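All remarks here apply to the structure that follows.
Keep in mind that this is a model prediction, so the values were computed, not measured. Residues: numbered from 1 along the sequence shown.
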Amino acid sequence: MNTPATFNRTTFRERGHFSNHPTLNPVLRLVFDSSSVTVVRRFGTSTHPYSTLSAKIFNTHAYKAYGGGAGSFIPQTLVTIHGKGTSFSFDLSTQFPDFKNGKEIIGLIEQFMPITEETLSLKAVKRKKDKIGVVVLVALFALFWILHLLGFW
């Protein structure tokens with residue numbers, strides 16, 4: 001690879017919606033050259049040789065709320081790269097991805113570092129969402145009960 005391949009994170013306007021994988025320190029730019037990858041994040045820049053990195057690709061379905069009670073399950077491709085003392089992740093889904101050219105990024109990752117893939121079924125994702133819903137309902141019930149005991153309700 002003579003010239004480094006550079007990928008910039010899509011903006012909210014380019015993406016058309018919030019990110020599927022919001023983080024406090026997102027990856028803003030990836031630069032792949034012949035010996036290392038440079039990761040530009042909101043709070044710093046780091047360069048990692050390929051020999052110290054490994055990648056995991058998670059294929060799953062995520063619940064995406066569109067507002068007004070509307071939402072649906074969308075296919076999600078989440079890439080996590082681990083190295084010595086560091087890890088970073090970003091979303092390369094077909095809908096609302098963090099980076100354009102996701103297939104090209106995955107191709108470069110496959111070319112330069114060991115990779116494992118995991119798939120989580122839609123049924124497992126729905127079960128997880130249902131469990132979270134039950135926890136939220138129990139928490140709301142407890143909050144209203146406490147407010148009632150204190151005389152606020």
Test item: Asn25 side-chain N/O and Phe43 main-chain N/O as donor-acceptor pair under 3.5 Å: yes
is_close_aromatic(Phe90, Phe99), centroid dist under 6.0 Å: yes
Over 12 foreign heavy atoms within 6.0 Å of CG, Leu149: yes
Salt bridge (Lys or Arg N to Asp or Glu O under 4.0 Å) pairs, two or more places apart, involving residues 73-86: none
Tyr50 and Phe112 aromatic ring geometry - parallel, tilted or perpendicular at 30°/60° bounds: parallel
Residue pair Phe88, His48: steps toward the side chain to side chain contact (heavy atoms under 4.5 Å, CB included) verdict: CA-CA 12 Å; Phe88 49 93; His48 308 278; 4.2 Å; yes
Check: Thr10 side chain, Asp98 main-chain N or O, donor-acceptor pair, under 3.5 Å: yes
Pair Thr47-Thr38, side chain to side chain donor-acceptor pair (under 3.5 Å): steps then yes or no: CA-CA 4 Å; Thr47 301; Thr38 301; 3.2 Å; yes
Residue pairs fulfilling salt bridge (Lys or Arg N to Asp or Glu O under 4.0 Å) with at least one residue in residues 41-56, sequence neighbours excluded: Lys56-Glu118
Gly83 backbone acceptor or donor facing Thr86 side chain under 3.5 Å: no
side-chain contact (heavy atoms from CB on, under 4.5 Å) involving Pro114 - partner list, sequence neighbours excluded: Ser54
Backbone N/O of Val31 and side chain of Thr6: donor-acceptor pair under 3.5 Å: no
Linked hydrophobic residues, Leu78 as query - side chain contacts closer than 4.5 Å: Phe58
Residues in side-chain contact (heavy atoms from CB on, under 4.5 Å) contact with Ser87, at least two apart in sequence or another chain: His82
Non-neighbouring partners of Glu104 that pass side chain to side chain donor-acceptor pair (under 3.5 Å), sequence neighbours left out: none
Glu14 (side chain) donor-acceptor with Thr11 (main chain) under 3.5 angstrom: yes
Under 3.5 Å: donor-acceptor pair, side chain of Thr77, backbone of Ile57: no
